[in-house]
Amino acid sequence: MTTRPDRGGDPPSRPPGVPAIPAQPGPEAATPPVAAPTPPVTADATAAGAERTPEGPATTAGTDPEVDAARQPDRAQYGVVAFLVLVGGFVIFDATTRVGSAINTADPIGPKPVPILLGVLLLVIAVIYAVDVARGGAGEPEAGEDVDLSLPIDWRTVLLLVGAFLVNAVLIDRLGWVISGTILFWGSAYALGNRHYVRNLLIAVALSLITFYTFAIGLGVDLPAGVLQGIL
């Protein structure tokens with residue numbers, strides 16, 4: 001055993017003792033694992049376009065249950081198709097039986113062609129819509145961020161809006177459009193949750209006056225003036 005003079009004659013450090021010998025596998029561990037039997041390949045599994053996924057049995061390639069469900073025709077949309085057909089047919093029938101055929105130099109076409117054209121267009125739209133529904137076409141789902149379709153209907157807001165329209169319909173001939181329209185605009189804002197009463201009243205009066213003079217001057221249609229006859 002040698003010593004190191006630079007460290008006062010202390011013997012050099014030695015590694016620890018002999019490392020432990022790893023345990024030898026016993027007879028059971030030495031036995032190789034037995035592979036699981038491979039199931040027989042059937043004709044269904046080897047069919048063209050079939051593939052096996054780790055999560056489940058073999059599925060046909062290129063199929064998706066959600067896509068297949070989306071492609072199924074929404075039979076409720078055929079009610080809209082039937083409604084368009086009925087409206088188009090009624091417009092054509094009314095134009096050909098009830099509308100007169102007065103033709104003069106100022107109107108050489110007469111009143112029939114326009115409603116007939118509208119009825120034909122409604123029928124064409126109904127046919128196109130029916131074909132699209134049969135092919136699985138569907139409208140995009142509601143994507144509004146502030147709309148929760150699981151919530152119930154807010155009947156209070158609906159009834160307030162209906163009441164505002166009914167009050168306007170009852171008072172428009174007696175009080176005139178300016179007053180009834182002001183009630184309509186102010187009541188609609190209140191029903192939708194706006195509580196700035198004075199500001200909403202000023203805006204409602206301004207909108208009523210603007211619409212009154214727009215119809216009277218721009219379109220030549222006189223809205224009822226009511227109690228304000230001679231003032232407006």
Side-chain angles (χ1 to χ4, degrees), residues 65-67 69-91 94 114-115 117-119 121-126 128-130 132-133 136-232:
E66 295 182 358
V67 175
R71 291 179 179 177
Q72 296 296 328
D74 186 3
R75 301 186 182 278
Q77 301 299 322
Y78 288 117
V80 180
V81 175
F83 176 76
L84 292 175
V85 172
L86 289 177
V87 173
F90 175 78
V91 171
D94 187 71
V114 174
L117 178 61
L118 292 177
L121 290 177
L122 287 174
L123 295 179
V124 172
I125 293 174
I128 296 175
Y129 190 37
D132 181 68
V133 173
E140 295 183 0
E142 177 60 49
E145 296 180 357
D146 58 343
V147 176
D148 189 355
L149 299 180
S150 62
L151 294 178
I153 300 175
D154 187 1
W155 289 109
R156 178 179 178 276
T157 301
V158 174
L159 293 177
L160 287 175
L161 288 173
V162 172
F165 278 92
L166 290 178
V167 170
N168 174 69
V170 172
L171 299 179
I172 188 172
D173 289 330
R174 301 177 181 179
L175 301 180
W177 164 252
V178 175
I179 298 178
S180 65
T182 299
I183 297 175
L184 173 63
F185 295 138
W186 187 90
S188 299
Y190 177 83
L192 295 176
N194 196 314
R195 295 298 181 265
H196 298 280
Y197 303 117
V198 177
R199 185 183 67 182
N200 292 343
L201 180 61
L202 296 177
I203 295 175
V205 172
L207 289 176
S208 300
L209 290 173
I210 291 173
T211 52
F212 181 84
Y213 287 110
T214 299
F215 274 83
I217 299 175
L219 302 177
V221 177
D222 294 330
L223 295 177
V227 295
L228 298 179
Q229 183 71 36
I231 299 176
L232 299 176

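Start at 1 with the first residue, then count along the sequence.
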- [ ] Give every residue pair that meets the ring pair (Phe, Tyr, Trp, His ring centres under 6.0 Å) criterion with at least one member in residues 153-189, sequence neighbours excluded.
- [x] W186-Y190

TODO: Please name the residue in the list I217, D222, L223, L228 that meets the side chain to side chain contact (heavy atoms under 4.5 Å, CB included) test with F212.
DONE: L223

Task: Contacts of I203 that satisfy side-chain contact (heavy atoms from CB on, under 4.5 Å) - sequence neighbours left out - done: R199, L207

Task: Validation row: L192, T157 side chains within 4.5 angstrom (heavy atoms) - done: yes

Task: Euclidean distance, R195 CZ relative to N200 CG, rounded to 0.5 Å - done: 9.5 Å

Open item on the list: I want to check something: taking the side chain as every heavy atom from C-beta on, are I128 and D132 in contact at a cut-off of under 4.5 Å?
Closed with: no

Open item on the list: Using 0.5 Å steps for rounding, measure from the CG atom of L201 to the CD1 atom of I183.
Closed with: 10.0 Å

Task: Member of V158, L160, I153 meeting the side chain to side chain contact (heavy atoms under 4.5 Å, CB included) criterion with R156 - done: L160

- [ ] For the pair N168 (side chain) and A164 (backbone), establish whether a donor and an acceptor sit closer than 3.5 Å, ignoring hydrogens and angles.
- [x] no

TODO: Taking the side chain as every heavy atom from C-beta outward, state whether L184 and S180 have any atom pair closer than 4.5 Å.
DONE: no

Task: P224 versus D173, closest heavy-atom pair with distance - done: CG-OD1, 3.9 Å

Open item on the list: Please check: side-chain N/O of S208 versus main-chain N/O of T182, any donor-acceptor pairing under 3.5 Å?
Closed with: yes

- [ ] Calculate, to the nearest 0.5 Å, the distance between atoms CG and OG1 belonging to L219 and T211 respectively.
- [x] 11.0 Å

Task: Close side-chain approach of L123 and L84, heavy atoms under 4.5 Å - done: no

TODO: Would you indicate whether Y197, at its atom OH, is surrounded by more than 12 heavy atoms from other residues, nucleotides or ligands within a distance under 6.0 Å?
DONE: yes

- [ ] Find the distance between OH (Y78) and OH (Y129) and round it off to the nearest 0.5 Å.
- [x] 10.0 Å

